[in-house]
Amino acid sequence: MTDTIASLSAYDDASLDQAFRGLTDEVRGAAAQLSTAETQENFRLDWLGRKQGRLKLLSESWLKTAPPEAKKSLGMRFNALKNEIEAALAVEPAGTKSTGPSIDLSLPGIRRNIGLEHPLTRTMREMTAVFAALGYSVGVGPEVESDFYNFEALNFPPNHPARDTQDTLVVADQDTKPLRERLLMRTHTSPVQIRSMIESAPPLRIVIPGKVHRNDESDATHSPIFHQVEGLCVDTNITFSDLKGTLDYAMKAFFGSSVKTRFFPSFFPFTEPSADVQISCPFCGQKGCRKCKYSGWIELLGCGMVDPAVFAAVDARRIENGLEPAYDTKKISGFAFGMGVERIAMMKYGVGDIGQFYSGDLRFLSQFV
Ligand code: PHE
């Protein structure tokens, strides 16, 4: 519209009301005619257009010439007029379907998916929680370890063949350092057990979840990077029966109370005696299924009584660090255990390929609700 704008002559409330009443009547009259999206849009441009909209032109011209004390009451009336225009625009024009600026509250909204725990994180947390409930504290440590913590203190002497079973990536250009100080990617979370014992005297009960690295070829059940939950208990009078009782309890807590455990002799450099633990198949109740390879039993973890050579290495380092030796095998003993998280999660959730855990594929991950 191109009407010239009449100027205001008086600024008392009555005069202003009169001037605005005319405008309000115009707005209402036009609003009553808004039957299509097009007329609505024209109405919007006419009144609210950013450059030539009447509201803009009116307020510029009237506010500019108004005496300062009248600006507030003018401004309030402009706001009221603007509200009137916007209210008219919010009404959906008859004969159109949700094209106007109004919203249809019955339409479904935008769904934002809630994130969920990764199945490996969840398995680690649940396993850790079983031991936490038994009074174990949770320990963590570095993934880049020194040879001392990962191997030497755990009774893997230099060149011992047991090192081959835990081949790993080593940090380059360290040949000038003594072997024990050379850095490598940890092959198990056992170095955290050593660190904890060097730091604290017994009694000690810790459970250690974490990521580990080995020179293993990737296949359906192996990955060069995987996760473990290990544990350590050191106190006076800790015996193999404590180890058996604790692990039996933990497996029942995790897999269900009908699960049985059995122990077989095994070898780890840092435990003596050592054992592999099998649980009765929680999936088929020992009738035989694919998960237990029709044997009724599943091998799940390694364990054993802490080797005196480990305690000796710990005490030697405590003395080097200015601490009292605290791991005298005449006074204390302990057990340790370790298990692979992927293996347990694969079994529990029926995952056939370990690579799926690392794929980041939402079709896989969103199944773990
Ligand atoms: N650290 C062992 C491994 O990674 C597991 C283990 C821990 C075995 C503690 C016995 C006792 O293979």
Side-chain angles (χ1 to χ4, degrees), residues 120 123-124 127-128 130-131 134 136 138-143 145-157 160-169 184-197 204-216 221-234 238-240 242-248 250-251 261-279 298-311 313-314 327 333-344 354:
L120 292 179
T123 307
M124 258 195 295
M127 192 51 90
T128 305
V130 167
F131 290 96
L134 287 173
Y136 284 59
V138 181
V140 285
E143 268 174 66
E145 260 301 0
S146 70
D147 188 280
F148 173 78
Y149 290 108
N150 195 80
F151 287 128
E152 186 187 322
L154 286 156
N155 198 28
F156 291 79
H160 191 281
R163 284 181 175 233
D164 291 348
T165 64
Q166 302 202 5
D167 188 19
T168 183
L169 284 173
L184 42 81
M185 301 310 290
R186 70 178 180 193
T187 59
H188 45 183
T189 56
S190 311
V192 187
Q193 310 187 7
I194 302 296
R195 288 175 175 275
S196 310
M197 286 192 280
L204 195 63
R205 283 168 180 74
I206 48 165
V207 60
I208 305 141
K211 190 185 283 177
V212 302
H213 305 250
R214 288 190 197 175
N215 182 11
D216 282 348
T221 54
H222 294 87
S223 155
I225 300 174
F226 60 104
H227 299 79
Q228 285 189 327
V229 172
E230 292 205 355
L232 171 74
C233 165
V234 185
I238 297 293
T239 68
F240 202 91
D242 296 312
L243 168 58
K244 284 186 84 171
T246 302
L247 292 182
D248 187 75
M251 293 302 112
T261 50
R262 59 183 193 183
F263 292 68
F264 291 89
S266 184
F267 172 79
F268 300 100
F270 36 86
T271 47
E272 181 62 34
S274 305
D276 285 329
V277 185
Q278 296 185 349
I279 63 166
I298 295 175
E299 188 161 312
L300 218 55
L301 56 149
C303 64
M305 302 305 291
V306 180
D307 193 295
V310 172
F311 288 139
V314 164
Y327 289 85
S333 52
F335 64 75
F337 53 87
M339 59 200 112
V341 176
E342 276 78 352
R343 218 177 113 68
I344 294 175
I354 198 171

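One-based numbering, in listed order, for ligands and for the atoms of each.
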Review point. Is R186 reaching over with its side chain to a backbone N or O of G141, donor-acceptor style, under 3.5 angstrom?
Key: yes
Point to revise | Listed partners of V138 passing side-chain contact (heavy atoms from CB on, under 4.5 Å), at least two apart | key: T128, V207, P209
Point to revise | Residue list, side-chain contact (heavy atoms from CB on, under 4.5 Å) with T261, at least two apart or on another chain | key: D248, M251, F263, V277, I279
Check your understanding: Are the side chains of E342 and L120 in touch, meaning some heavy atoms are under 4.5 Å apart?
Key -> yes
Point to revise | Residues which pass ring pair (Phe, Tyr, Trp, His ring centres under 6.0 Å) with F270, listed by chain and number, not counting sequence neighbours | key: F156, H188, F268
Less than 3.5 Å apart, N/O on ligand 1 and N/O on the protein: could you list those pairs with the distances?
from     : atom 1 : to   : atom 2 : distance (Å)
ligand 1 : 1 (N)  : H188 : ND1    : 3.0
ligand 1 : 1 (N)  : S190 : OG     : 3.1
ligand 1 : 1 (N)  : E230 : OE2    : 2.7
ligand 1 : 4 (O)  : R214 : NH2    : 2.8
ligand 1 : 4 (O)  : Q228 : NE2    : 2.7

Exercise for review: Evaluate the ring planes of H160 and F267, with Trp represented by its six-membered ring, and classify them as parallel (under 30°), tilted (30 to 60°) or perpendicular (over 60°).
Suggested key: parallel
